[in-house]
Amino acid sequence: MTAADAPLPPEESHPPEPPPLTAERSPAGAPEPPPLTAERSPAGAPEPPPPTPEHTTHGVGPWPGGPEGWPADPEFDPELLAHGDTRNVIDRYRYWRMDAIVADLDVRRHPFHVAIENWQHDMNIGSIVRSANAFLADTVHIIGRRRWNKRGAMVTDRYQHVVHHEDVAAFAAWAASETLPVIAVDNVDGSVPVDRADLPERCVLLFGQEGPGLSSEALAAASGIVEITQYGSTRSINASAAAAVVMYEWCRRHAG
């Protein structure tokens, strides 16, 4: 027996202690079944959660005072006044009907558009749509696949105009017909930092996909290419984050 095989002296030897009795373990050592909760029935079958459309932590309850105290303006939705409004909307639009919100946004929309290439069903598209709503873009244009992942939009696409173009050629033809310059956003040779670039008031901000960026056809259709100055080691930032930065820069210059 070597020194490495020798047992520890008695004072250093610690036999394992039995686990303490807890609410999860019975004295006999058998695990107890989990307690019944609202999510699990006595038979053990999971129950589906109740639907929670547009729930946020900033919702409001029913309009105080009952129907007698409800505002008479046509923008208000009686259903929301009666049951509360949990939608992710600013206070200005609390209790408003959805079509009334869209109509009010349409009066105030900014003259820039947002376009996104969609060849790989990029999950960033939903987040870009959400940012376009937040910065009050005129319209979002999806180029390529018609279907896109709406999860990141958090239902803001209901308040935002979204149109589809089959390919870059169709999108470029539309932009030319509207005399809207296309400003591509990508960190390629020849791109200009967005904080120093010409960013027209009327334009389309064109974004690519996570990873490959913009296609060669999209870059060729652009009248200008901008990039976001970075200071760390990564070559690029998330596509939806880049879109939000450029939209904010447009608003900083033109929104007033």
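Throughout, residue positions are numbered sequentially from 1 according to the sequence presented. This one's a predicted model, so the numbers in the text were calculated from it and none came from an experiment.
Legend: residues meeting salt bridge (Lys or Arg N to Asp or Glu O under 4.0 Å) with Asp195, ordered by chain and number and at least two apart, are absent. Legend: residues meeting side chain to side chain donor-acceptor pair (under 3.5 Å) with Ser191, ordered by chain and number and at least two apart, are Glu227. Applying the side chain to side chain donor-acceptor pair (under 3.5 Å) test to Asp85 and every residue at least two apart in sequence or in another chain returns Arg87. Residues satisfying the side chain to side chain donor-acceptor pair (under 3.5 Å) criterion with His110, sequence neighbours excluded, are absent altogether. The side-chain contact (heavy atoms from CB on, under 4.5 Å) test applied to Ser240 returns Asn124, Ser127, Ile128, Asn238, not counting sequence neighbours. Evaluation of the salt bridge (Lys or Arg N to Asp or Glu O under 4.0 Å) rule for Glu166 yields Arg146 as partners, not counting sequence neighbours. Residues that satisfy the ring pair (Phe, Tyr, Trp, His ring centres under 6.0 Å) test with Phe135, not counting sequence neighbours, are absent from this structure. Looking at residues two or more places apart in sequence or on another chain, you find no salt bridge (Lys or Arg N to Asp or Glu O under 4.0 Å) involving Arg196. For Ala169, the side-chain contact (heavy atoms from CB on, under 4.5 Å) partners at least two apart in sequence or on another chain are Asp167. For Glu249, the side chain to side chain donor-acceptor pair (under 3.5 Å) partners are Arg252, Arg253, not counting sequence neighbours. Residues passing the salt bridge (Lys or Arg N to Asp or Glu O under 4.0 Å) test with Arg202: none are found, sequence neighbours excluded.
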Test log, rule side chain to side chain donor-acceptor pair (under 3.5 Å), inputs Trp119 and Glu117: CA-CA 6 Å; Trp119 310 115; Glu117 285 196 286; 2.8 Å; yes
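Rounding to the nearest 0.5 Å places OG1 of Thr156 at 8.0 Å from CG of Asn88. Summarising the geometry, atom CG belonging to Leu80 is positioned 9.0 Å from atom CE belonging to Met98; distances are rounded to the nearest 0.5 Å. Taken to the nearest 0.5 Å, the NE2 atom of His164 stands 12.0 Å off from the CH2 atom of Trp148. Summarising the geometry, atom CG belonging to Leu136 is positioned 6.0 Å from atom CG belonging to Leu105; distances are rounded to the nearest 0.5 Å. Here Leu206 contributes atom CG and Ile116 contributes atom CD1; the two are 9.5 Å apart, rounded to the nearest 0.5 Å. Within the model, atoms CZ of Phe112 and CG of Leu205 stand 6.0 Å from one another, a figure rounded to the nearest 0.5 Å.
The closest side-chain donor-acceptor pair between Asp106 and His161 falls under 3.5 angstrom.
Under the 6.0 Å cut-off for aromatic ring centres, Trp63 and Tyr95 qualify, their centroids lying closer than that.
Open room surrounds CZ on Arg151; 12 or fewer heavy atoms of other groups in view lie less than 6.0 Å from it. Atom OH of Tyr248 sits in a sparse spot, with 12 or fewer heavy atoms from other residues, nucleotides or ligands closer than 6.0 Å. Within 6.0 Å of CZ in Arg92 there are more than 12 heavy atoms belonging to other residues, nucleotides or ligands.
In terms of modelled atom types and a separation under 3.5 Å, the side chain of Gln209 and the main chain of Ala239 share no donor-acceptor contact. No donor-acceptor pair closer than 3.5 Å links the side chain of Trp70 to the backbone N or O of Pro78.
For the side chain to side chain contact (heavy atoms under 4.5 Å, CB included) test with Trp96, the passing option among Val102, Val89, Asp73, Asp104 is Asp104; the others fail.
We find that Arg130 and Asp157 are not joined by a salt bridge, their nearest charged nitrogen and carboxylate oxygen being 4.0 Å or further apart.
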For residues 171-186, which side-chain N or O atoms pair as donor and acceptor with protein atoms under 3.5 Å away, sequence neighbours left out?
unit_1 : atom_1 : unit_2 : atom_2 : d
Ser177 : OG     : Trp174 : O      : 2.6
Asp186 : OD2    : Leu214 : N      : 3.0

